[in-house]
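All heavy atoms count here, side chains included; hydrogens, waters and symmetry mates do not. This is a predicted model, so every value here is computed, not measured. Residue numbering restarts at 1 for every chain, and letters A, B, ... go by the order of the sequence lines.
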Amino acid sequence: MQYWLMKSEPDEVSIDDVMAAPARTVPWFGVRNYQARNFMRDGMRVGDGVLFYHSSCPQPGVAGLAEVASAAYPDASQYQAGGKYFDPKATPEQPRWVSVDVRGRRKTRLLPLAEMRQVAALEDMLLLKKGSRLSITPVTRAQWDAIVALLQA
DNA sequence: GCCAACGTTGGC
DNA sequence: GCCAACGTTGGC
């Protein structure tokens, strides 16, 4: 069992959107960073815990809890010519990008990034490292537990 | 809107 | 294989 933090712009897909989706499940498409892709492809297992993070918005922070709901599979958006996520070098025979399905568990209070920065137990989170921009990062069990506790506080 | 940090691209 | 230029991310 692993834990992850996944960033989403709420204007694109918010925690409310996930909870309202059929089976509370959405495909995580559009990742175009190799490190993040490799986490999905090689690291994620069904049932892994996911911190659902809202980024690029007025109140960035953790907005809900979710879980990995599928193994990695080719991201269909890479083939859509003219689309935002089109990759001309990707083919169905040689896909370059993958998605996983993410199922919402529950919407939580918004745990702001600024609050997370003040918690000693979270100081090693990759999210909080200077210059960190990865949209998917691994989270330790201890960090997960600390965040779940903060969400209930 | 600004800008620091990072990843990718492409000429050489 | 180097590295400058460019594009993107994302907090503020």
Base, backbone or nothing for each nucleotide of nucleotides 3-8 of chain B, written B, S, -, heavy atoms under 4.0 angstrom, 5' to 3'?
--BBSS
Near DNA chain C, counting only heavy atoms under 4.0 Å, which residues of residues 109-119 of chain A show up?
Leu113(A), Arg117(A)
May I ask you to decide whether Arg45(A) forms a salt bridge with Glu67(A), counting only side-chain N to carboxylate O separations under 4.0 Å?
no
Checking Thr108(A) side chain against Ala63(A) main chain: does a donor-acceptor pair fall under 3.5 Å?
yes
Between the main-chain N or O of Ile136(A) and the side-chain N or O of Lys7(A), is there a donor-acceptor pair closer than 3.5 Å?
no
Under the ring pair (Phe, Tyr, Trp, His ring centres under 6.0 Å) rule, what pairs show up with a residue in residues 103-133 of chain A, not counting sequence neighbours?
none
Kindly state each residue pair satisfying side-chain hydrogen bond (donor to acceptor under 3.5 Å, both in side chains) with at least one member in residues 133-148 of chain A, sequence neighbours excluded.
Thr140(A)-Gln143(A), Arg141(A)-Asp145(A)
Round to the nearest Å and state the distance from Lys7(A) atom NZ to dG11(C) atom C1'.
10 Å
Roughly, in whole Å, what's the span from CD in Glu9(A) to P in dG11(C)?
9 Å
Starting at NE2 of His54(A) and ending at P of dT9(C), how long is that distance when rounded to a whole Å?
17 Å
Spell out, as yes or no, whether a donor-acceptor pair under 3.5 Å connects the side chain of Ser8(A) to the backbone of Pro10(A).
no
Distance in angstrom units between Lys84(A) NZ and dT9(C) P, rounded:
8 Å
Restricting to pairs with a member in residues 22-39 of chain A, which pass salt bridge (charged side-chain N to carboxylate O under 4.0 Å, His left out), not counting sequence neighbours?
Arg32(A)-Asp75(A)
Residue pairs involving residues 46-62 of chain A (criterion side-chain hydrogen bond (donor to acceptor under 3.5 Å, both in side chains); sequence neighbours excluded):
Trp4(A)-Asp48(A)
When rounded to whole Å, the CG to C1' distance for the pair Leu128(A) and dT9(C) reads 16 Å
